[in-house]
2 protein chains.
Amino acid sequence: MLDGILLGLLREPRSGYDVASEFRRGARHLWAADLSQIYRTLGRLEKEGHVTSRVEPSSRGPERRVYRRTASGKEALLAWLAEAPALPPERFAYLAQLFFMGEAGGGRTLAFLKDLRRRLAERLRTLEEIEPSIDTEDDHGFHTHLTLRLGILAHRARLQWCDESMRRVRPRAARRRR
Amino acid sequence: MLDGILLGLLREPRSGYDVASEFRRGARHLWAADLSQIYRTLGRLEKEGHVTSRVEPSSRGPERRVYRRTASGKEALLAWLAEAPALPPERFAYLAQLFFMGEAGGGRTLAFLKDLRRRLAERLRTLEEIEPSIDTEDDHGFHTHLTLRLGILAHRARLQWCDESMRRVRPRAARRRR
DNA sequence: GACCGCTATATGCATACTCATATACTGACG
DNA sequence: CGTCAGTATATGAGTATGCATATAGCGGTC
(Lines give C-alpha, C1' and ligand atoms only; values in the text may rest on other atoms or scores of the structure.)
Protein backbone atom coordinates (compact mmCIF):
# COMPACT_ATOMS: atom_id res chain seq x y z
CA MET A 1 0.00 0.00 0.00
CA LEU A 2 2.76 2.39 0.89
CA ASP A 3 4.24 1.42 -2.45
CA GLY A 4 1.61 3.35 -4.40
CA ILE A 5 1.95 6.39 -2.19
CA LEU A 6 5.71 6.54 -2.52
CA LEU A 7 5.53 6.02 -6.28
CA GLY A 8 2.98 8.82 -6.42
CA LEU A 9 5.14 11.18 -4.40
CA LEU A 10 8.07 10.39 -6.70
CA ARG A 11 6.40 12.33 -9.48
CA GLU A 12 9.64 14.29 -9.14
CA PRO A 13 12.96 12.82 -8.01
CA ARG A 14 13.26 13.04 -4.24
CA SER A 15 15.29 11.64 -1.37
CA GLY A 16 13.67 9.47 1.28
CA TYR A 17 13.86 12.38 3.67
CA ASP A 18 12.08 14.67 1.20
CA VAL A 19 9.40 12.09 0.54
CA ALA A 20 8.81 11.88 4.27
CA SER A 21 8.51 15.68 4.54
CA GLU A 22 6.12 15.82 1.59
CA PHE A 23 4.21 13.10 3.32
CA ARG A 24 3.85 15.00 6.55
CA ARG A 25 2.78 18.17 4.75
CA GLY A 26 0.25 16.79 2.34
CA ALA A 27 -0.70 13.22 3.04
CA ARG A 28 -0.51 12.97 6.81
CA HIS A 29 -4.29 12.93 7.09
CA LEU A 30 -4.71 9.93 4.81
CA TRP A 31 -1.86 7.63 5.67
CA ALA A 32 0.57 7.31 8.54
CA ALA A 33 4.13 6.26 7.85
CA ASP A 34 7.37 6.23 9.70
CA LEU A 35 10.70 7.39 8.27
CA SER A 36 12.24 3.97 8.79
CA GLN A 37 9.32 2.40 6.97
CA ILE A 38 9.75 4.80 4.06
CA TYR A 39 13.47 4.05 3.72
CA ARG A 40 12.85 0.34 3.79
CA THR A 41 10.06 0.52 1.25
CA LEU A 42 12.11 2.66 -1.11
CA GLY A 43 14.85 0.06 -0.83
CA ARG A 44 12.43 -2.67 -1.80
CA LEU A 45 10.97 -0.64 -4.67
CA GLU A 46 14.49 -0.28 -5.99
CA LYS A 47 15.09 -4.03 -5.85
CA GLU A 48 11.83 -4.46 -7.73
CA GLY A 49 12.95 -2.02 -10.38
CA HIS A 50 10.23 0.54 -9.76
CA VAL A 51 12.72 3.23 -8.77
CA THR A 52 16.42 3.92 -9.18
CA SER A 53 18.62 5.83 -6.77
CA ARG A 54 21.74 7.92 -6.94
CA VAL A 55 23.72 9.48 -4.14
CA GLU A 56 24.03 13.24 -4.51
CA PRO A 57 25.72 15.90 -2.38
CA SER A 58 23.45 18.07 -0.27
CA SER A 59 23.76 21.81 0.23
CA ARG A 60 22.80 21.66 3.88
CA GLY A 61 23.65 18.27 5.32
CA PRO A 62 25.04 14.84 4.59
CA GLU A 63 24.76 13.16 1.21
CA ARG A 64 21.28 12.37 -0.07
CA ARG A 65 20.13 9.27 -1.89
CA VAL A 66 17.80 10.61 -4.56
CA TYR A 67 15.15 8.26 -5.94
CA ARG A 68 13.71 8.40 -9.43
CA ARG A 69 10.61 6.59 -10.63
CA THR A 70 11.18 4.26 -13.59
CA ALA A 71 8.76 3.43 -16.39
CA SER A 72 7.95 0.23 -14.53
CA GLY A 73 7.28 2.33 -11.42
CA LYS A 74 4.87 4.55 -13.29
CA GLU A 75 3.12 1.46 -14.59
CA ALA A 76 2.78 0.03 -11.09
CA LEU A 77 1.33 3.34 -9.92
CA LEU A 78 -1.24 3.39 -12.71
CA ALA A 79 -2.16 -0.20 -12.00
CA TRP A 80 -2.80 0.70 -8.37
CA LEU A 81 -4.93 3.69 -9.38
CA ALA A 82 -6.90 1.43 -11.74
CA GLU A 83 -7.79 -0.94 -8.91
CA ALA A 84 -11.17 -0.71 -7.22
CA PRO A 85 -11.37 1.66 -4.24
CA ALA A 86 -9.70 -0.16 -1.36
CA LEU A 87 -11.88 -0.07 1.73
CA PRO A 88 -9.47 -0.71 4.55
CA PRO A 89 -10.33 -2.97 7.48
CA GLU A 90 -11.99 -0.83 10.13
CA ARG A 91 -9.74 -0.23 13.13
CA PHE A 92 -11.20 2.26 15.56
CA ALA A 93 -9.38 1.80 18.82
CA TYR A 94 -11.46 4.41 20.63
CA LEU A 95 -14.70 2.82 19.46
CA ALA A 96 -13.49 -0.50 20.74
CA GLN A 97 -12.91 1.10 24.12
CA LEU A 98 -16.34 2.71 24.08
CA PHE A 99 -17.92 -0.59 23.07
CA PHE A 100 -16.89 -2.13 26.37
CA MET A 101 -17.25 0.96 28.52
CA GLY A 102 -20.24 -0.65 30.23
CA GLU A 103 -17.73 -2.87 32.05
CA ALA A 104 -16.31 0.21 33.72
CA GLY A 105 -19.71 0.83 35.30
CA GLY A 106 -20.81 3.41 32.74
CA GLY A 107 -19.66 6.29 34.91
CA ARG A 108 -16.66 6.86 32.69
CA THR A 109 -18.49 7.23 29.39
CA LEU A 110 -19.17 10.95 29.60
CA ALA A 111 -15.60 11.88 30.49
CA PHE A 112 -14.34 9.60 27.74
CA LEU A 113 -16.56 11.26 25.13
CA LYS A 114 -15.51 14.72 26.30
CA ASP A 115 -11.86 13.84 25.98
CA LEU A 116 -12.44 12.25 22.59
CA ARG A 117 -14.31 15.32 21.37
CA ARG A 118 -11.43 17.55 22.36
CA ARG A 119 -8.92 15.42 20.45
CA LEU A 120 -11.09 15.18 17.36
CA ALA A 121 -11.73 18.92 17.37
CA GLU A 122 -8.00 19.50 17.48
CA ARG A 123 -7.46 17.30 14.44
CA LEU A 124 -10.28 19.03 12.62
CA ARG A 125 -8.64 22.38 13.31
CA THR A 126 -5.37 21.32 11.69
CA LEU A 127 -7.25 20.05 8.63
CA GLU A 128 -9.21 23.27 8.33
CA GLU A 129 -6.01 25.26 8.54
CA ILE A 130 -4.54 23.43 5.56
CA GLU A 131 -7.62 23.75 3.35
CA PRO A 132 -7.35 27.39 2.17
CA SER A 133 -3.73 26.90 1.11
CA ILE A 134 -4.61 24.38 -1.61
CA ASP A 135 -4.81 25.51 -5.19
CA THR A 136 -7.62 23.46 -6.72
CA GLU A 137 -6.91 24.56 -10.28
CA ASP A 138 -4.32 21.94 -11.18
CA ASP A 139 -5.22 18.29 -11.12
CA HIS A 140 -3.06 17.30 -8.20
CA GLY A 141 -4.29 20.19 -6.07
CA PHE A 142 -7.88 19.34 -6.90
CA HIS A 143 -7.50 15.73 -5.83
CA THR A 144 -5.59 16.75 -2.73
CA HIS A 145 -8.45 19.01 -1.83
CA LEU A 146 -10.99 16.23 -2.35
CA THR A 147 -9.23 14.01 0.15
CA LEU A 148 -8.77 16.80 2.65
CA ARG A 149 -12.43 17.62 2.32
CA LEU A 150 -13.44 14.12 3.36
CA GLY A 151 -11.22 14.42 6.39
CA ILE A 152 -13.00 17.62 7.35
CA LEU A 153 -16.54 16.33 6.77
CA ALA A 154 -15.78 13.07 8.56
CA HIS A 155 -14.41 14.91 11.57
CA ARG A 156 -17.43 17.21 11.70
CA ALA A 157 -19.72 14.19 11.64
CA ARG A 158 -17.72 12.65 14.48
CA LEU A 159 -18.04 15.81 16.55
CA GLN A 160 -21.79 15.83 16.01
CA TRP A 161 -21.87 12.22 17.08
CA CYS A 162 -19.93 13.12 20.24
CA ASP A 163 -22.51 15.79 21.05
CA GLU A 164 -25.46 13.51 20.34
CA SER A 165 -23.87 10.79 22.45
CA MET A 166 -23.16 13.06 25.37
CA ARG A 167 -26.79 14.20 25.34
CA ARG A 168 -27.84 10.56 25.52
CA VAL A 169 -25.42 9.66 28.27
CA ARG A 170 -26.29 12.41 30.73
CA PRO A 171 -29.83 11.26 31.67
CA ARG A 172 -28.59 7.68 32.05
CA ALA A 173 -25.85 8.83 34.40
CA ALA A 174 -28.42 10.84 36.38
CA ARG A 175 -30.70 7.80 36.62
CA ARG A 176 -27.82 5.72 37.93
CA ARG A 177 -27.17 8.17 40.73
CA ARG A 178 -30.70 7.84 42.04
CA MET B 1 -5.17 -3.52 21.15
CA LEU B 2 -6.86 -6.77 20.33
CA ASP B 3 -6.10 -7.75 23.92
CA GLY B 4 -8.68 -5.34 25.30
CA ILE B 5 -11.32 -6.44 22.83
CA LEU B 6 -10.85 -10.12 23.58
CA LEU B 7 -10.87 -9.51 27.31
CA GLY B 8 -14.06 -7.53 26.85
CA LEU B 9 -15.74 -10.26 24.85
CA LEU B 10 -14.74 -12.77 27.54
CA ARG B 11 -17.31 -11.25 29.88
CA GLU B 12 -18.60 -14.80 29.68
CA PRO B 13 -16.45 -17.90 29.09
CA ARG B 14 -16.10 -18.58 25.38
CA SER B 15 -14.00 -20.56 22.93
CA GLY B 16 -11.81 -18.79 20.39
CA TYR B 17 -14.28 -19.73 17.72
CA ASP B 18 -17.16 -18.22 19.70
CA VAL B 19 -15.20 -15.06 20.34
CA ALA B 20 -14.64 -14.74 16.62
CA SER B 21 -18.34 -15.22 15.88
CA GLU B 22 -19.31 -12.67 18.54
CA PHE B 23 -16.77 -10.40 16.93
CA ARG B 24 -18.28 -10.72 13.49
CA ARG B 25 -21.78 -10.14 14.77
CA GLY B 26 -21.23 -7.18 17.03
CA ALA B 27 -17.84 -5.63 16.62
CA ARG B 28 -17.06 -6.12 12.97
CA HIS B 29 -17.65 -2.43 12.28
CA LEU B 30 -15.09 -1.26 14.78
CA TRP B 31 -12.23 -3.70 14.50
CA ALA B 32 -11.14 -6.29 11.99
CA ALA B 33 -9.52 -9.50 13.18
CA ASP B 34 -8.66 -12.81 11.70
CA LEU B 35 -9.38 -16.14 13.38
CA SER B 36 -5.71 -17.07 13.43
CA GLN B 37 -4.91 -13.75 15.06
CA ILE B 38 -7.56 -14.34 17.72
CA TYR B 39 -6.21 -17.82 18.56
CA ARG B 40 -2.69 -16.52 18.86
CA THR B 41 -3.71 -13.58 21.01
CA LEU B 42 -5.75 -15.79 23.33
CA GLY B 43 -2.68 -17.99 23.67
CA ARG B 44 -0.57 -15.02 24.67
CA LEU B 45 -3.21 -13.72 27.11
CA GLU B 46 -3.12 -17.12 28.78
CA LYS B 47 0.66 -17.01 29.12
CA GLU B 48 0.27 -13.58 30.67
CA GLY B 49 -2.27 -14.88 33.13
CA HIS B 50 -5.17 -12.76 31.91
CA VAL B 51 -7.22 -15.78 30.90
CA THR B 52 -7.29 -19.50 31.65
CA SER B 53 -8.46 -22.22 29.31
CA ARG B 54 -9.97 -25.66 29.58
CA VAL B 55 -10.76 -28.14 26.86
CA GLU B 56 -14.42 -29.14 26.82
CA PRO B 57 -16.43 -31.48 24.60
CA SER B 58 -18.66 -29.86 22.02
CA SER B 59 -22.17 -30.92 21.13
CA ARG B 60 -21.71 -30.26 17.42
CA GLY B 61 -18.08 -30.54 16.47
CA PRO B 62 -14.58 -31.23 17.75
CA GLU B 63 -13.44 -30.33 21.23
CA ARG B 64 -13.45 -26.66 22.21
CA ARG B 65 -10.89 -24.80 24.25
CA VAL B 66 -12.97 -22.52 26.46
CA TYR B 67 -11.32 -19.37 27.82
CA ARG B 68 -12.19 -17.66 31.07
CA ARG B 69 -11.11 -14.19 32.12
CA THR B 70 -9.15 -14.03 35.37
CA ALA B 71 -9.12 -11.23 37.94
CA SER B 72 -5.90 -10.01 36.37
CA GLY B 73 -7.65 -10.02 32.99
CA LYS B 74 -10.49 -7.91 34.31
CA GLU B 75 -7.95 -5.51 35.75
CA ALA B 76 -6.15 -5.23 32.42
CA LEU B 77 -9.48 -4.55 30.70
CA LEU B 78 -10.34 -1.78 33.17
CA ALA B 79 -6.88 -0.27 32.75
CA TRP B 80 -7.41 -0.17 28.99
CA LEU B 81 -10.81 1.45 29.40
CA ALA B 82 -9.26 4.03 31.73
CA GLU B 83 -6.74 5.06 29.09
CA ALA B 84 -7.33 8.15 27.00
CA PRO B 85 -9.30 7.61 23.77
CA ALA B 86 -6.86 6.07 21.33
CA LEU B 87 -6.94 7.88 17.99
CA PRO B 88 -5.54 5.38 15.55
CA PRO B 89 -3.12 6.37 12.79
CA GLU B 90 -5.17 7.33 9.73
CA ARG B 91 -5.02 4.69 7.01
CA PHE B 92 -7.42 5.39 4.17
CA ALA B 93 -6.27 3.36 1.23
CA TYR B 94 -8.96 4.69 -1.09
CA LEU B 95 -8.13 8.28 -0.17
CA ALA B 96 -4.51 7.59 -0.97
CA GLN B 97 -5.57 6.36 -4.39
CA LEU B 98 -7.74 9.40 -4.94
CA PHE B 99 -4.91 11.68 -3.81
CA PHE B 100 -2.83 10.60 -6.80
CA MET B 101 -5.67 10.15 -9.26
CA GLY B 102 -4.41 13.18 -11.17
CA GLU B 103 -1.59 10.96 -12.44
CA ALA B 104 -4.16 8.82 -14.22
CA GLY B 105 -5.17 11.87 -16.23
CA GLY B 106 -8.16 12.77 -14.09
CA GLY B 107 -10.50 10.88 -16.37
CA ARG B 108 -10.83 8.06 -13.89
CA THR B 109 -11.89 10.13 -10.89
CA LEU B 110 -15.62 10.06 -11.54
CA ALA B 111 -15.82 6.32 -12.08
CA PHE B 112 -13.70 5.81 -8.99
CA LEU B 113 -16.02 7.92 -6.85
CA LYS B 114 -19.08 6.15 -8.20
CA ASP B 115 -17.62 2.78 -7.36
CA LEU B 116 -16.58 3.99 -3.93
CA ARG B 117 -20.04 5.37 -3.27
CA ARG B 118 -21.62 2.04 -4.09
CA ARG B 119 -19.34 0.19 -1.71
CA LEU B 120 -19.85 2.67 1.10
CA ALA B 121 -23.63 2.61 0.63
CA GLU B 122 -23.55 -1.15 0.94
CA ARG B 123 -21.64 -0.96 4.20
CA LEU B 124 -24.05 1.65 5.49
CA ARG B 125 -26.96 -0.63 4.68
CA THR B 126 -25.56 -3.48 6.76
CA LEU B 127 -25.02 -1.09 9.68
CA GLU B 128 -28.55 0.26 9.43
CA GLU B 129 -29.92 -3.26 9.40
CA ILE B 130 -28.22 -4.04 12.68
CA GLU B 131 -29.34 -0.89 14.47
CA PRO B 132 -32.99 -1.70 15.29
CA SER B 133 -32.02 -5.05 16.81
CA ILE B 134 -30.04 -3.46 19.64
CA ASP B 135 -31.62 -3.11 23.05
CA THR B 136 -30.28 0.17 24.42
CA GLU B 137 -31.65 -0.39 27.90
CA ASP B 138 -28.77 -2.35 29.36
CA ASP B 139 -25.34 -0.80 29.58
CA HIS B 140 -23.65 -3.01 27.05
CA GLY B 141 -26.41 -2.54 24.49
CA PHE B 142 -26.32 1.19 24.98
CA HIS B 143 -22.58 1.37 24.34
CA THR B 144 -22.87 -0.98 21.41
CA HIS B 145 -25.48 1.32 19.96
CA LEU B 146 -23.26 4.36 20.44
CA THR B 147 -20.46 2.81 18.41
CA LEU B 148 -22.81 1.59 15.71
CA ARG B 149 -24.30 5.06 15.53
CA LEU B 150 -20.91 6.57 14.74
CA GLY B 151 -20.46 4.05 11.98
CA ILE B 152 -23.78 5.11 10.49
CA LEU B 153 -23.20 8.85 10.77
CA ALA B 154 -19.66 8.54 9.42
CA HIS B 155 -20.85 6.57 6.43
CA ARG B 156 -23.61 9.06 5.70
CA ALA B 157 -21.05 11.86 5.79
CA ARG B 158 -18.87 9.90 3.37
CA LEU B 159 -21.76 9.42 0.99
CA GLN B 160 -22.48 13.14 1.07
CA TRP B 161 -18.83 13.77 0.37
CA CYS B 162 -18.99 11.40 -2.61
CA ASP B 163 -21.96 13.32 -4.00
CA GLU B 164 -20.32 16.70 -3.42
CA SER B 165 -17.13 15.43 -5.03
CA MET B 166 -18.86 14.02 -8.07
CA ARG B 167 -20.62 17.35 -8.59
CA ARG B 168 -17.23 19.04 -8.53
CA VAL B 169 -15.59 16.56 -10.87
CA ARG B 170 -18.14 16.64 -13.68
CA PRO B 171 -17.51 20.22 -14.91
CA ARG B 172 -13.76 19.63 -14.81
CA ALA B 173 -14.11 16.49 -16.89
CA ALA B 174 -16.29 18.40 -19.37
CA ARG B 175 -13.69 21.16 -19.59
CA ARG B 176 -10.99 18.62 -20.32
CA ARG B 177 -12.93 17.20 -23.23
CA ARG B 178 -13.07 20.60 -24.94
C1' DG C 1 34.58 25.95 20.75
C1' DA C 2 30.41 23.45 22.61
C1' DC C 3 25.96 22.51 21.82
C1' DC C 4 21.53 22.35 19.48
C1' DG C 5 18.34 21.58 15.78
C1' DC C 6 17.77 20.18 11.30
C1' DT C 7 19.19 17.29 7.51
C1' DA C 8 20.05 12.53 6.16
C1' DT C 9 20.38 7.30 5.97
C1' DA C 10 20.24 2.83 7.87
C1' DT C 11 19.57 -1.20 10.85
C1' DG C 12 17.97 -4.18 14.75
C1' DC C 13 14.33 -5.98 17.30
C1' DA C 14 9.79 -6.99 18.62
C1' DT C 15 5.08 -7.17 17.59
C1' DA C 16 0.95 -7.28 14.64
C1' DC C 17 -1.23 -8.89 10.89
C1' DT C 18 -2.48 -11.63 6.60
C1' DC C 19 -2.85 -15.62 4.03
C1' DA C 20 -2.29 -20.36 3.38
C1' DT C 21 -2.49 -24.83 5.12
C1' DA C 22 -3.20 -29.08 8.07
C1' DT C 23 -6.24 -31.60 10.83
C1' DA C 24 -10.63 -33.40 12.36
C1' DC C 25 -15.54 -33.90 14.17
C1' DT C 26 -20.77 -33.38 13.26
C1' DG C 27 -25.10 -33.17 10.91
C1' DA C 28 -27.85 -32.61 6.82
C1' DC C 29 -28.97 -33.61 2.22
C1' DG C 30 -29.28 -36.20 -1.87
C1' DC D 1 -22.72 -43.60 1.46
C1' DG D 2 -20.40 -39.40 -0.26
C1' DT D 3 -20.06 -34.75 0.04
C1' DC D 4 -20.65 -30.29 1.75
C1' DA D 5 -21.24 -26.68 5.19
C1' DG D 6 -20.34 -25.53 9.66
C1' DT D 7 -17.63 -26.17 13.94
C1' DA D 8 -13.05 -26.12 15.91
C1' DT D 9 -7.86 -25.39 16.76
C1' DA D 10 -3.27 -24.53 15.40
C1' DT D 11 1.04 -23.31 12.95
C1' DG D 12 4.27 -21.63 9.24
C1' DA D 13 5.83 -18.02 6.40
C1' DG D 14 6.00 -13.62 4.85
C1' DT D 15 4.96 -8.71 5.32
C1' DA D 16 4.03 -4.44 7.72
C1' DT D 17 4.69 -1.60 11.36
C1' DG D 18 6.57 0.79 15.47
C1' DC D 19 10.19 2.16 18.34
C1' DA D 20 14.82 2.66 19.40
C1' DT D 21 19.39 3.54 18.11
C1' DA D 22 23.79 4.61 15.53
C1' DT D 23 26.10 7.66 12.60
C1' DA D 24 27.22 12.01 10.65
C1' DG D 25 27.31 16.69 8.09
C1' DC D 26 25.83 21.55 8.39
C1' DG D 27 24.68 26.13 10.23
C1' DG D 28 23.63 29.12 13.92
C1' DT D 29 24.11 30.75 18.60
C1' DC D 30 25.89 31.47 23.15
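Within every chain, numbering begins at 1; the chains are lettered A, B, ... in the order of the sequence lines, protein sequences first and strands thereafter.
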If you pin A/P62 and A/Q37 to their nearest nucleotides in DNA chain C, which one's is more 5'? A/P62
Taking the six-membered ring for Trp, are B/W80 and A/F100 parallel (under 30°), tilted (30 to 60°) or perpendicular (over 60°)? tilted
Let me know the distance between [atom1] of [X] and [atom2] of [N], rounded to the nearest Å.
X: A/D34; N: C/dT15; atom1: CG; atom2: P; value: 17 Å
X: B/E63; N: C/dT23; atom1: CD; atom2: C1'; value: 13 Å
X: B/E56; N: D/dT7; atom1: CD; atom2: C1'; value: 15 Å
X: B/L35; N: C/dA22; atom1: CG; atom2: C1'; value: 15 Å
X: A/I38; N: D/dC19; atom1: CD1; atom2: P; value: 15 Å
X: A/D3; N: D/dG14; atom1: CG; atom2: C1'; value: 15 Å
X: A/M1; N: D/dT17; atom1: CE; atom2: C1'; value: 14 Å
X: A/L6; N: D/dA16; atom1: CG; atom2: P; value: 11 Å

It should be established whether [X] places a side-chain nitrogen or oxygen under 4.0 Å from OP1 or OP2 of nucleotide [N].
X: B/R65; N: D/dA10; answer: yes
X: B/S58; N: C/dC25; answer: no
X: A/Y39; N: C/dT9; answer: yes
X: B/R91; N: D/dG18; answer: yes

Tell me, do B/F142 and B/H145 make a side-chain contact under 4.5 Å, heavy atoms counted? no
Could you tell me if the side chain of B/M166 sits less than 4.5 Å from the side chain of B/L110, heavy atoms only? yes
A/R64 (side chain) and D/dG25 (base): donor-acceptor pair under 3.5 Å: no
Pair of N/O donor and acceptor under 3.5 Å linking C/dT18 base with B/R40 side chain: yes
Secondary-structure stems, DNA chain D, at least 3 Watson-Crick or G-U base pairs under 3.5 Å: C:1-30 with D:1-30
Nearest to the side chain of [X], which nucleotide is it out of [options]?
X: B/P89; options: D/dA8, D/dG18, C/dA10; answer: D/dG18
X: A/Y17; options: D/dG25, C/dC6, C/dA24; answer: C/dC6
X: B/R60; options: D/dT7, C/dC17, C/dA8; answer: D/dT7
X: A/S36; options: C/dC19, D/dA20, C/dA8; answer: D/dA20
X: A/R44; options: D/dA16, D/dT9, D/dT17; answer: D/dA16

In terms of hydrophobic clustering (I, L, V, M, F, W, Y; side-chain heavy atoms under 4.5 Å; direct or indirect links), are B/L153 and A/L113 co-clustered? yes
Give me the atom names and distance for the closest heavy-atom approach of [X] to [Y].
X: B/H155; Y: B/L120; result: CD2-O, 3.7 Å
X: B/R118; Y: B/D115; result: NH2-OD1, 2.6 Å
X: A/G26; Y: A/H29; result: O-CE1, 3.1 Å

Could you tell me whether A/D18 contacts a base, only the sugar-phosphate backbone, or nothing, with contacts defined as non-hydrogen atoms closer than 4.0 Å? sugar-phosphate
So CG of A/D3 and CD of A/E48: to nearest 0.5 Å the spacing works out to 6.5 Å
